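Taking it in order: structure first as structure tokens, then the write-up.
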Amino acid sequence: MELTRLKGFQDLLGTQAQTLAYVEARARLLMERYGVSEIKIPMLERIELYQRSTGETSEIVSKQMYTFSDRDEAGTTLALRPEGTPGVVRAYIEAGMDRSDPEQRFFYAGPMFRRERPQKGRYRQFNQFGVEVFGRADPACDAELLVMIDDLRRDLGLEFQFELNSLGHAGCRPAFRAAVLEYGRRHWDELCRDCHERLERNPLRLLDCKIDVRLAEQAPRSLDYLCAECRAHFDTVLDLIGAAGVRFVVNPRIVRGLDYYMRTTFEITSTNLGAQNAVVAGGRYDGLVEVLGGAPVPGIGFAIGMERMALALEAARTPRAALPRIALIALGEAAVRKATQIARELRAMPLQVEMLSSERSLKAQLKRADRIGANYAVIVGPDELARSAAQLRDLGASSQREVSLDRLAAELSAARAQ
RNA sequence: GUGAGUGUAGCUCAGUUGGCAGAGCACCGGAUUGUGGCUCCGGUGGUCGAGGGUUCAAAUCCCUUCACUCACCCCA
């Protein structure tokens, strides 16, 4: 086969697609309870949107975006969205909400694109479910989002590790950054090659190096550089979520790769996912709305990695109860005609009904019924048709009896109740 | 971008020292006129990832290349 799927892109079949849809359905239900409304935004934006928000120093923008020229005279450079937040902020400003009605909560769901080397839990097209809150600077808002994530976790029956940190705000963050930079330069000779690179590009990432663990642990901590206000904000967030029953740890090494994060940042991981174990991540981004040309409105948000969530769920889940599955077997043209009507009637019950190919023998059709995991087979042939009846076969029990057609739906419903 | 591992039937994989390409599962048919699973019998199905080299002879040895997987990196 020559026309295969692209590297890092996937076809999701059957249960894989189902699990993903299930996670999204549960998340949507939660949004309703939290009063968060949906926002649908484009998958394509000007490249500058990401350069200015996500940041040129992030690897996402500098190396991983799918970009191309539009067919207009100006040759505008477009980018497939690598994440959702910039687009949501742009839409929020464009709708004038930053001035008219700044306090807003949105959720979005859809595919993101990053051209990375694929591995377990990491794909070039992947789905995120994200929440963004604007116009709220108070710690109760941070806490509410974390509780929201914990609600989803509990609803799905999973165990996660919540790790939180605070990076400080525009006033105190620079001092911390300078301290890390200074620390890195002082220990230059002991740093790994990747860390040399990091120091140039994004010094804070020194802290989550997995090679120089000892050095990273002894590096300056953002928590020690917080101003009184940031300190109080963080303490209140921790107090609130603790009181609400969220289990968490403070991890001073959580720094996010995106430029716009400040104050509260968090990463939520699941074991049994391999190396790519972050299922949810996010943080506060006061200042981002202003950077993109809006009013000075605070913001905070997170994104769920849907494929990773589905992976975690598949490792732990018990299958959900499905509709009883009926294989409808018709023998002969007249029976097919009748069966077409019966199928419609049974599906309305509701029952899951699949009509098998009447071109094949009864034996082959029953074999097929077994293969697809049907609970019952309903057989209609010329003999049954003459009596206005059908054979109702219980494939699990291997028992069979004749049922008149006008009683069939009721009989199957009764069997379902058992 | 870097590293490692794996590529043989639709799937999971054997294949010895270089000597006729195999098994299990799945699929199709039969044993059983209109009755599945279990059993038995038969059948369909192969560019041994691709290209080149060595050899009387290559799935096997050598070179090149591609794909997939995992990890680094990055991050959801």
Side-chain angles (χ1 to χ4, degrees), chain A residues 1-2 4-8 10 23 54 57-65 81-85 109-130 149 160 192-195 197-198 201-202 205 208-211 254-258 261 266-270 273-283 301-312 327 329-332 335 356 358 360-385 390-400:
Chain A
M1 188 181 180
E2 47 178 338
T4 55
R5 76 179 112 78
L6 263 24
K7 185 199 284 287
Q10 34 175 11
V23 175
T54 312
T57 63
S58 74
E59 194 137 308
I60 291 175
V61 168
S62 62
K63 293 182 184 166
Q64 300 176 351
M65 282 199 298
R81 62 182 186 196
E83 60 151 340
T85 303
M112 305 295 161
F113 303 84
R114 293 181 198 170
R115 200 181 185 292
E116 298 179 86
R117 191 81 168 253
Q119 72 186 75
K120 188 179 173 71
R122 186 169 80 182
Y123 312 99
R124 291 182 171 184
Q125 177 180 332
F126 59 101
N127 288 280
Q128 286 192 335
F129 189 105
I149 297 164
F160 291 157
C192 67
R193 202 182 321 132
D194 286 331
C195 278
E197 174 88 15
R198 287 191 182 98
R201 179 175 206 94
N202 192 350
R205 294 213 68 93
D208 58 6
C209 178
K210 288 160 203 96
I211 297 166
I254 298 288
V255 295
R256 309 289 312 143
L258 280 37
Y261 282 121
F266 49 89
E267 213 167 279
I268 292 150
T269 57
S270 162
L273 274 192
Q276 305 298 317
N277 61 359
V279 287
V280 185
F302 65 80
I304 301 168
M306 298 298 274
E307 283 79 2
R308 291 182 186 178
M309 196 67 99
L311 238 40
I329 298 174
L331 304 169
L356 306 184
S358 65
R360 307 197 55 195
S361 68
L362 172 62
K363 181 189 177 77
Q365 290 191 64
L366 272 167
K367 199 169 169 139
R368 175 75 191 160
D370 190 53
R371 179 71 202 269
I372 65 177
N375 307 95
Y376 294 91
V378 171
I379 305 165
V380 184
D383 299 349
E384 287 78 11
L385 211 53
Q391 299 297 333
L392 174 56
R393 184 171 181 82
D394 183 330
L395 291 170
S398 287
S399 61
Q400 180 173 324

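Chain naming here is simple, since letters A, B, ... match the order of the sequence lines and numbering starts at 1 in each. As a basis for the values below, the full set of heavy atoms in this structure was taken, side chains included, without hydrogen atoms, waters or symmetry mates. Quick caveat: nothing in here was measured; it's all calculated off a predicted structure.
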Please identify which of these residues, A:Ile304, A:Thr269, A:Leu273, meets the side-chain contact (heavy atoms from CB on, under 4.5 Å) condition with A:Val279.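 Between A:Val279 and the candidates, side-chain contact (heavy atoms from CB on, under 4.5 Å) is satisfied uniquely by A:Leu273.
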With sugar-phosphate meaning primed atoms plus P, OP1 and OP2, does A:Gln400 contact a base, only sugar-phosphate, or nothing at under 4.0 Å between heavy atoms?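 Base: the residue A:Gln400, judged by heavy atoms under 4.0 Å, touches a nucleobase.
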Contact class for A:Arg368 (heavy atom, under 4.0 Å): base, sugar-phosphate, or nothing?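 It contacts nothing in the nucleic acid.
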[X] [atom1] to [N] [atom2]: how many Å, rounded?
| X | N | atom1 | atom2 | value |
| --- | --- | --- | --- | --- |
| A:Lys367 | B:rG30 | NZ | P | 10 Å |
| A:Gln119 | B:rG3 | CD | P | 16 Å |
| A:Phe113 | B:rC74 | CZ | P | 24 Å |
| A:Gln64 | B:rC73 | CD | C1' | 9 Å |

Tell me every residue that passes ring pair (Phe, Tyr, Trp, His ring centres under 6.0 Å) with A:Phe160, counting only those two or more places apart in sequence or in another chain.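 Checked A:Phe160 against ring pair (Phe, Tyr, Trp, His ring centres under 6.0 Å); zero matches.
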Nearest-angstrom distance, [atom1] atom, [N] to [M]:
| N | M | atom1 | value |
| --- | --- | --- | --- |
| B:rG42 | B:rG34 | C1' | 24 Å |
| B:rU8 | B:rA23 | C1' | 12 Å |
| B:rC25 | B:rU32 | C1' | 24 Å |
| B:rC41 | B:rG5 | P | 42 Å |
| B:rC75 | B:rG36 | C1' | 49 Å |
| B:rG10 | B:rU6 | P | 23 Å |
| B:rA59 | B:rG51 | C1' | 16 Å |

When you measure from the side chain of [X], which nucleotide among [options] comes out closest?
| X | options | result |
| --- | --- | --- |
| A:Arg114 | B:rC28, B:rC75, B:rG36 | B:rC75 |
| A:Asp370 | B:rC73, B:rU35, B:rG36 | B:rG36 |
| A:Glu116 | B:rC74, B:rG36, B:rG34 | B:rC74 |
| A:Lys120 | B:rC70, B:rG34, B:rC75 | B:rC70 |

Check this for me: does the side-chain of A:Glu384 come within 3.5 Å of the base of B:rG34 through a donor and an acceptor?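 A donor-acceptor contact between them is present.
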Read 5' to 3' with Watson-Crick or G-U pairs under 3.5 Å, [ ] for crossing pairs and | for partners on another strand, RNA chain B gives (((((((..((((.....[..)))).(((((.......))))).....(((((..]....))))))))))))....
